**Student:** 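Please read through the structure below; I'll follow up with questions.
What you see is a predicted model, and the numbers here were worked out from it, not measured in a lab.
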Amino acid sequence: MRARHLAAILVFSFLAASSRTALAESPILVKKKVEGNYELECEVGAVPWGFLLFFSADEKLSEYGYLKVSSSAIELGHHHKGKSVTWRRYKAPEQKLPWKVRLLKKGNFFRFQVGDRTGWIRGPSGEWLEKYEPRESWVGLKAPGDTELRSLTLTTLPWLQQLTRPVIPRGPDGSFYEKQAIPGALIKFKGKYYLYFMAGMEGNEEGSSRRSIGVATSPDMRNWKVHPAPVVRNGEPNIPHDNVYPNGAVLTPEGKIALMYSVQKYPEWVGFGLAVADNPLGPFTHHEANPVYKHFTHAHEFDLVRVDGPDYRYLLFYAGYTPKPRTGLSGDRGYLLYSDDLVNWREDKRNPVFRPETLDDWDAIHVRPRSLTKQGDTWYLWYEGCNTWKPEGSDHHGWWDTVGLARSKDLVKWEYYPRNPALPGLSIGPDRFDSKWTGWPRMRIEGKTAYIFYTGNAMTGMRTIAVKDLVNWKTEGGKTLKLWPKGR
């Protein structure tokens with residue numbers, strides 16, 4: 001038994017070493033320069049020694065990310081100065097050849113599919129080491145001559161890639177928003193836009209403390225001016241708290257501003273509060289029944305929508321922690337509430353109605369509804385998705401938040417955007433405010449344009465997309481190039 005076991009190990013080691021040698025010495029079959037986001041798709045009929053898709057590469061291939069595929073394993077890694085390091089390793093597909101292979105780049109997120117196997121990574125060039133994905137790079141494929149490469153295409157994905165500056169940056173030291181200015185709710189009142197934001201001061205309660213609610217005003221949603229004082233000061237809500245987070249605002253039938261927020265007595269979440277004012281700048285009166293709703297465990301992010309339907313006037317879609325979901329790991333899920341008066345809320349019996357797209361991919365642990373907008377007969381939901389993975393040897397916390405998109409006719413059955421995450425960090429460099437994580441999305445549609453506000457590095461950014469592109473999920477308006485077979 002020992003001799004056979006040792007022989008098997010030796011054979012496996014020989015095959016693995018031979019595979020590595022074959023790949024290292026393989027010719028470059030395809031090499032193409034690309035800018036921004038893209039999708040590589042190929043079909044392989046035979047992979048005796050495996051093949052390697054490279055991306056985020058320099059022209060001489062002295063540095064690149066790679067997806068290495070063989071009959072025994074799939075590896076995601078990075079090559080630099082003659083050395084390769086594998087960040088993530090997966091089992092080879094159980095599906096028989098031929099395999100369809102897909103590599104998706106969206107900002108700093110990469111997702112892959114090889115046959116029936118999928119995976120993800122953020123910042124494979126080493127984001128946790130302050131190394132960023134190049135905006136302009138080379139992609140391609142290396143393979144031994146006996147690899148049967150049937151096709152390879154490259155599709156550019158230009159959605160939501162604008163290089164913008166924060167529309168609401170952090171304030172100066174000592175100001176009420178010196179550490180954070182994160183979007184929370186957006187309304188239009190008498191021709192002017194009001195964006196309520198979470199304003200944080202210096203502190204260690206997840207990057208800030210003493211959070212209050214600030215507001216910025218704009219005539220066009222592009223140019224914003226911060227009101228000089230919070231509209232809801234820390235210490236003002238009639239609920240025990242350390243931090244206040246704005247999450248939704250609507251105009252009531254009486255023409256009043258109803259602002260709803262979540263309250264935290266750090267680190268516990270106390271519930272959802274309601275405040276009402278005659279003017280978007282206040283003063284706000286906090287409802288005597290606060291908190292008007294409390295999840296059975298912690299809950300924080302949500303959106304509030306006035307619908308004026310026959311069965312209810314308002315709906316609230318929130319992220320509630322779910323210790324024992326029907327499928328998948330414990331984490332945040334989407335819950336629906338209904339009300340006629342913003343005070344008395346009834347729960348949807350089907351809750352939670354929104355869950356991760358997959359059980360093992362980019363959003364597999366937390367999904368947090370943040371922005372719900374109806375366009376035609378369809379609801380569009382921008383949400384935070386999150387999974388965990390800790391790079392070996394790094395001091396990164398291991399949580400990778402970003403922004404995804406889903407849509408539904410009935411708020412129960414959901415279609416996820418096929419190229420999620422839809423609004424990731426751009427991962428260009430340390431000077432970019434949104435190079436790493438993105439979150440807290442908030443969309444408003446005006447005419448033919450959708451304005452999407454979000455946070456990057458605790459500041460408020462804004463990207464735009466034409467409504468015609470937002471609703472068309474078959475393409476992002478890019479170009480598809482046939483890279484293999486060559487000359488066809």
Side-chain angles (χ1 to χ4, degrees), residues 37 39 104 106 157-161 183 185-188 193 221 247-251 301-320 332-339 347-358 361-363 367-385 402-424 438-454 462-478:
N37 293 336
E39 188 172 41
L104 174 70
K106 294 302 291 282
L157 305 173
W159 260 30
L160 297 166
Q161 293 189 79
L186 177 63
I187 62 168
K188 185 178 184 181
Y193 299 95
M221 285 196 291
N247 276 295
V250 294
L251 290 175
E301 301 177 28
F302 62 82
D303 196 9
L304 173 68
V305 184
R306 178 179 161 185
V307 294
D308 291 332
D311 299 319
Y312 50 86
R313 174 164 284 160
Y314 306 99
L315 67 83
L316 191 150
F317 203 11
Y318 75 92
D332 293 338
R333 301 291 187 268
Y335 290 75
L336 277 173
L337 302 176
Y338 309 103
S339 177
E347 303 169 2
D348 193 303
K349 294 180 180 179
R350 298 163 293 183
N351 278 334
V353 297
F354 187 69
R355 52 193 58 85
E357 176 184 4
T358 70
D361 215 306
W362 71 281
D363 67 347
V367 287
R368 300 169 181 140
R370 283 293 308 170
S371 178
L372 189 63
T373 308
K374 198 167 190 180
Q375 178 67 16
D377 62 352
T378 302
W379 290 99
Y380 286 81
L381 175 69
W382 292 92
Y383 70 99
E384 286 180 7
T402 195
V403 174
L405 176 64
R407 65 185 179 187
S408 174
K409 302 285 189 181
D410 60 3
L411 299 175
V412 176
K413 297 179 181 178
W414 293 92
E415 176 189 5
Y416 298 86
Y417 182 61
R419 295 183 174 107
N420 268 336
L423 198 156
T438 57
W440 291 62
R442 182 70 62 191
M443 180 171 74
R444 185 177 179 93
I445 293 175
E446 288 287 353
K448 298 180 180 180
T449 303
Y451 298 79
I452 304 163
F453 298 86
Y454 64 98
M462 187 268 288
R463 301 183 199 173
T464 60
I465 185 171
V467 173
K468 65 179 178 63
D469 295 328
L470 173 70
V471 303
N472 179 9
W473 286 14
K474 293 182 179 180
T475 175
E476 289 197 5

**Student:** With the threshold set at 4.0 Å, does a side-chain nitrogen-carboxylate oxygen contact exist between Arg419 and Glu476?
**Tutor:**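 Between Glu476 and Arg419 there is no salt bridge, as every charged N stays at least 4.0 Å from the carboxylate O atoms.
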
**Student:** Compute the centroid of each ring, for Tyr380 and then for Tyr417, and state whether the two points are separated by less than 6.0 Å.
**Tutor:**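 Distance test on ring centres: not under 6.0 Å, no.
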
**Student:** Once salt bridge (Lys or Arg N to Asp or Glu O under 4.0 Å) is applied, what residue pairs with a partner in residues 306-319 remain, sequence neighbours excluded?
**Tutor:**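 Listed once each, the pairs are Arg306-Asp308, Asp308-Arg313.
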
**Student:** Can you name the ring pair (Phe, Tyr, Trp, His ring centres under 6.0 Å) partners of Tyr454, sequence neighbours left out?
**Tutor:**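 Residues passing ring pair (Phe, Tyr, Trp, His ring centres under 6.0 Å) with Tyr454: none at all.
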
**Student:** Taking all atoms of both residues into account, what is the closest heavy-atom pair of Pro424 and Pro421, and its distance?
**Tutor:** CD-O, 3.7 Å

**Student:** Taking Asn37's backbone N and O only, do any of them form a donor-acceptor pair with Gln161's side chain (distance below 3.5 Å, no angle check)?
**Tutor:**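 Such a contact is found between Gln161 side chain and Asn37 backbone.
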
**Student:** Does Leu372 reach the side chain of Leu315, with side-chain heavy atoms less than 4.5 Å apart?
**Tutor:**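 A side-chain contact under 4.5 Å exists here.
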
**Student:** How many angstroms lie between atom OG1 of Thr378 and atom CG of Asp410, to the nearest 0.5 angstrom?
**Tutor:** 10.5 Å

**Student:** How close do Pro158 and Gly477 get, counting heavy atoms only, and between which atoms?
**Tutor:**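 For Pro158 versus Gly477, the nearest heavy atoms are CG-C, 4.0 Å.
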
**Student:** So, taking the atom named CZ in Arg407 and the one named CD in Glu415, what distance separates them when rounded to the nearest 0.5 Å?
**Tutor:**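 Interatomic distance, Arg407 CZ to Glu415 CD, rounded to 0.5 Å: 4.0 Å.
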
**Student:** Has the side chain of Arg368 got a donor or acceptor atom that lies under 3.5 Å from a matching backbone atom of Ala319?
**Tutor:**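 No.
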
**Student:** Would you name the heavy atoms of Ala185 and Ala249 that are closest together and state the gap between them?
**Tutor:** CB-N, 3.7 Å

**Student:** Taking the side chain as every heavy atom from C-beta outward, state whether Leu186 and Tyr451 have any atom pair closer than 4.5 Å.
**Tutor:**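 A side-chain contact under 4.5 Å is absent here.
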
**Student:** side-chain contact (heavy atoms from CB on, under 4.5 Å), that's the test. Do Phe302 and Leu337 meet it? Break it down for me.
**Tutor:** CA-CA 11 Å; Phe302 62 82; Leu337 302 176; over 6 Å; no

**Student:** State, yes or no, whether a side-chain contact exists between Lys106 and Trp362 at a heavy-atom distance under 4.5 Å.
**Tutor:**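 No, too far: nothing below the 4.5 Å cut-off.
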
**Student:** Which atoms form the tightest heavy-atom contact between Trp414 and Val353, and what is the distance?
**Tutor:**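 Taking Trp414 first and Val353 second, the nearest heavy atoms are NE1-O, 3.2 Å.
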
**Student:** If every non-hydrogen atom of Tyr318 is compared with every non-hydrogen atom of Leu316, which pair is closest and at what distance?
**Tutor:** CB-CD2, 3.7 Å

**Student:** For Trp440, does its backbone N or O pair with a side-chain atom of Glu384 as donor and acceptor, under 3.5 Å?
**Tutor:**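 Yes; judged by distance alone, with no hydrogens or angles, the pair exists.
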
**Student:** Pick out which of Leu336, Asp332, Val367 makes a side chain to side chain contact (heavy atoms under 4.5 Å, CB included) with Phe354.
**Tutor:** Val367

**Student:** Can you tell me how far apart CG (Asn420) and CD (Glu357) are? Round to the nearest 0.5 Å.
**Tutor:** 5.5 Å

**Student:** For the side chain of Thr438 and the backbone of Thr402, is there at least one donor-acceptor N/O pair under 3.5 Å apart?
**Tutor:** no

**Student:** Could you tell me whether Lys374 atom NZ has more than 12 heavy atoms of other residues or ligands within 6.0 Å of it?
**Tutor:**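 Buried by this count: over 12 neighbours within 6.0 Å.
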
**Student:** Answer whether the closest heavy-atom distance between the side chains of Arg333 and Pro356 falls below 4.5 Å.
**Tutor:** yes

**Student:** Would you compute the distance between atom OG of Ser339 and atom OH of Tyr314 and round it to the nearest 0.5 angstrom?
**Tutor:**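 Output value for this atom pair is 8.0 Å.
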
**Student:** Please check: side-chain N/O of Arg370 versus main-chain N/O of Asn247, any donor-acceptor pairing under 3.5 Å?
**Tutor:**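 No, the answer is negative, given that no donor and acceptor are paired below the 3.5 Å cut-off.
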
**Student:** How close do Met221 and Met462 get, counting heavy atoms only, and between which atoms?
**Tutor:** O-CE, 3.5 Å

**Student:** Which of these passes side chain to side chain contact (heavy atoms under 4.5 Å, CB included) with Leu405: Leu423, Leu470, Ile452?
**Tutor:** Leu470

**Student:** Quick one: CG on Leu381 to CZ on Phe317, what's the gap to the nearest 0.5 Å?
**Tutor:**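 Answer rounded to 0.5 Å: 5.5 Å.
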
**Student:** I need the Arg444 CZ to Thr373 OG1 distance, nearest 0.5 Å.
**Tutor:** 9.0 Å

**Student:** Does any donor atom in the side chain of Asp363 or Tyr383 lie under 3.5 Å from an acceptor atom in the other side chain?
**Tutor:**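 Side chains of Asp363 and Tyr383: pair found under 3.5 Å.
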
**Student:** For residues Glu347 and Tyr335, determine if any side-chain heavy atom of one lies less than 4.5 Å from a side-chain heavy atom of the other.
**Tutor:** no

